[in-house]
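Keep in mind that what you see is a predicted model, and the values were worked out from it rather than measured. In listed order, ligands and their atoms are each counted from 1. All heavy atoms count here, side chains included; hydrogens, waters and symmetry mates do not.
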Amino acid sequence: MASLNGKHVLLGITGGIAAYKCAELVRGLRKAGAEVRVVMTAAAERFVTPTTLQALSGYPVRSSLWDEAAEAAMSHIELARWADLILVAPASADALARFAGGHANDLLSTLCLASEAPVHLAPAMNRVMWANTATQDNVAVLRARGFRIHGPDSGEQACGETGEGRMLEPMQLIEALADIPQPWRGRRLLITAGPTYEDLDPVRFLGNRSSGKMGFALAASAAAQGGEVVLIAGPVALPTPPGVRRIDIRSAAQMHEAVMAELAGIDTFIAAAAVADYRPKSVSAGKIKKSEGDSSLELQRTLDILAAVSVSPMRPKRVVGFAAETERLDEHAQEKMRNKGLDAIAANAVGQSGSGFESSHNALTVFTRAGRHAIPLTTKRQAADALLDILREQLP
Ligand code: PMT
């Protein structure tokens with residue numbers, strides 16, 4: 001955490017229940033070597049007291065633009081210049097709207113407008129407020145203007161609902177602020193993950209063993225390294241990695257549609273999903289009844305999403321596939337790379353425990369046009385980091 005050492009961090013707190021986490025955030029930032037000054041909105045003061053934050057930061061907490069004594073000690077313009085970075089946590093829906101609108105009607109919004117320091121936002125709100133188009137439009141505007149958005153996380157919310165909208169944990173925010181290398185900054189990645197389910201009737205489907213862990217690890221790694229990541233996920237029970245935009249789908253046809261809709265402007269497409277090659281030829285509207293004797297299913301091919309991306313007029317610069325093989329790994333992977341017109345393919349052995357499907361670990365053999373690279377058995381997150389390094393170095 002050396003990179004926060006000596007940094008001037010201006011922490012803006014807006015009104016939301018997650019404000020209680022700010023005490024730990026201030027402590028963590030100071031432990032990482034940062035000097036912290038806190039600015040609170042009037043609503044934030046209803047959730048946590050300035051006295052607590054003053055004691056933890058070691059400086060008086062500011063909240064009003066019209067506090068003459070505070071302005072005499074350090075004017076708001078001086079405070080804006082003092083900051084090396086601004087972190088607004090929690091950033092409420094109202095705060096996002098005001099920042100997006102360029103308002104300067106309280107101290108915090110004025111500081112965000114008046115400072116040249118990077119502004120990091122940690123949104124936190126009820127899941128429906130977060131999903132609302134108004135909020136999402138504001139986030140898109142802020143992102144385009146260079147605000148860094150961290151989270152929100154998904155899970156159980158203070159309001160009793162479950163979904164996306166929880167503020168990231170203080171430690172996650174501190175890690176995000178620390179200067180980890182950002183080689184994927186400015187690049188947009190589209191990543192698929194998880195299985196697809198092909199419905200047979202209202203209660204049955206054809207699926208596979210993919211847990212989504214490999215694709216989610218890639219999304220988390222790319223986002224942590226500055227990439228703008230869209231993750232298209234099959235039915236899995238995994239939290240969305242911080243900073244990643246997630247689209248949930250169920251079937252191969254839905255994944256195909258979502259991928260094509262997101263393809264414009266993508267730099268790197270990575271297909272880590274285990275997509276069904278076949279689906280039932282017809283889907284029964286009612287539950288298929290059991291009858292005497294055996295039965296058989298008629299199947300039809302699904303579209304190959306990866307091959308379709310590779311020949312698309314919007315083809316990303318790097319099109320990367322996975323190959324899940326039970327035998328002749330190298331041979332089958334290279335064949336898939338050729339047939340689907342890929343720039344790289346990551347092959348993994350499946351059908352065994354401890355790697356491949358479901359496990360938190362994996363070993364990959366990566367083929368690029370330049371050669372073969374082995375990533376020995378490790379955690380899926382480390383395998384993802386290594387794969388992204390290979391893609392950057394071999395396919396610049
Ligand atoms: O999800 P986990 O439990 O973490 O497991 C990870 C994994 C084993 C699923 C992953 O590492 C992996 O190998 N993903 C690809 C699985 C797969 O479908 O492999 P394949 O060899 O059948 O397909 C080759 C490539 O074509 C894949 O990139 C696949 O996404 C893509 N494909 C396949 C069929 C199809 N209709 N459309 C596709 O895009």
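Atoms of ligand 1 found under 4.0 Å from any heavy atom of L303 (numbered from 1 in listed order, with element): 35 (C), 36 (N), 37 (N). Near T302, meaning under 4.0 Å from any of its heavy atoms, are these atoms of ligand 1: 36 (N). Atoms of ligand 1 lying under 4.0 Å from at least one heavy atom of A276, given by number and element, are 36 (N). Atom numbering of ligand 1 starts at 1 in the shown order; those under 4.0 Å from a heavy atom of K213 are 1 (O), 2 (P), 4 (O). Atoms of ligand 1 lying under 4.0 Å from at least one heavy atom of A323, given by number and element, are 21 (O). The contact set between ligand 1 and A272, taken as ligand atoms under 4.0 Å from a residue heavy atom, comprises 9 (C), 10 (C), 12 (C), 14 (N), 15 (C). When each atom of ligand 1 is checked for a heavy atom of A271 under 4.0 Å away, the hits are 27 (C), 28 (O), 30 (O).
Counting heavy atoms of neighbouring residues, nucleotides and ligands inside a 6.0 Å radius, atom NZ of K317 exceeds 12 of them. For Q352, the CD atom is densely surrounded, since the number of other residues' heavy atoms within 6.0 Å is greater than 12. Within a 6.0 Å radius of CD in E116, other residues, nucleotides and ligands contribute 12 heavy atoms or fewer. When the shell of 6.0 Å around CD of E24 is examined, it contains 12 or fewer heavy atoms from other residues, nucleotides or ligands. Applying the 6.0 Å contact sphere to CD of E257 captures no more than 12 heavy atoms from other residues, nucleotides or ligands. Counting non-hydrogen atoms of other residues, nucleotides and ligands closer than 6.0 Å to CZ of R145 gives a total above 12.
Looking at atom 34 (C) of ligand 1, its nearest protein heavy atom turns out to be D277 OD1, 3.2 Å. In terms of protein heavy-atom proximity, atom 19 (O) of ligand 1 is nearest to A324 N, 3.5 Å. Among all non-hydrogen protein atoms, the one lying nearest atom 23 (O) of ligand 1 is F322 O, 3.9 Å. With respect to atom 39 (O) of ligand 1, the closest heavy atom belonging to the protein is L306 N, 2.9 Å. Scanning all protein heavy atoms for the shortest distance to atom 21 (O) of ligand 1 gives K336 NZ, 2.5 Å. Looking at atom 37 (N) of ligand 1, its nearest protein heavy atom turns out to be I305 N, 3.1 Å. Protein heavy atom in closest approach to atom 6 (C) of ligand 1: M214 CB, 3.6 Å. When hydrogens are left out, the protein atom nearest atom 2 (P) of ligand 1 is S211 OG, 3.3 Å; that is the closest non-hydrogen contact.
Both cation-pi conditions hold for R250 and F205: the charged atom is under 6.0 angstrom from the six-membered ring centre and inside a 45 degree cone around its axis. A cation-pi geometry, defined here as NZ or CZ lying under 6.0 Å from the six-membered ring centre and within 45° of its normal, does not hold between R318 and F269.
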From CA spacing to verdict: salt bridge (Lys or Arg N to Asp or Glu O under 4.0 Å), K336, D304: CA-CA 12 Å; K336 282 178 185 168; D304 191 309; over 6 Å; no

Take Q300 and R279 through the test side-chain hydrogen bond (donor to acceptor under 3.5 Å, both in side chains) and record every step on the way to the result. CA-CA 6 Å; Q300 66 179 186; R279 66 165 166 249; 3.0 Å; yes

Worked check of side chain to side chain contact (heavy atoms under 4.5 Å, CB included) between L121 and V139: CA-CA 10 Å; L121 303 174; V139 170; over 6 Å; no

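Linking ILVMFWY side-chain heavy atoms closer than 4.5 Å, directly or via other members, places M167 and V9 in a single hydrophobic cluster.
For the ligand labelled ligand 1, residue A252 lies outside the 4.0 Å heavy-atom shell. Under a 4.0 Å heavy-atom criterion, L364 is not in contact with ligand 1. K380 counts as a contact of ligand 1, since one of its heavy atoms falls under 4.0 Å from the ligand. Remark: distances from the non-hydrogen atoms of N348 to ligand 1 include one below 4.0 Å.
Between atom 18 (O) of ligand 1 and the options S210, A217, A274, the minimum heavy-atom separation is to A274. Relative to atom 26 (O) of ligand 1, the option among H256, K340, E358 with the closest non-hydrogen atom is K340. Scanning G194, G321, A273 for the heavy atom closest to atom 29 (C) of ligand 1 points to A273.
Screening R148, R188, R245 for a salt bridge (charged side-chain N to carboxylate O under 4.0 Å, His left out) with E228, the sole residue that qualifies is R188.
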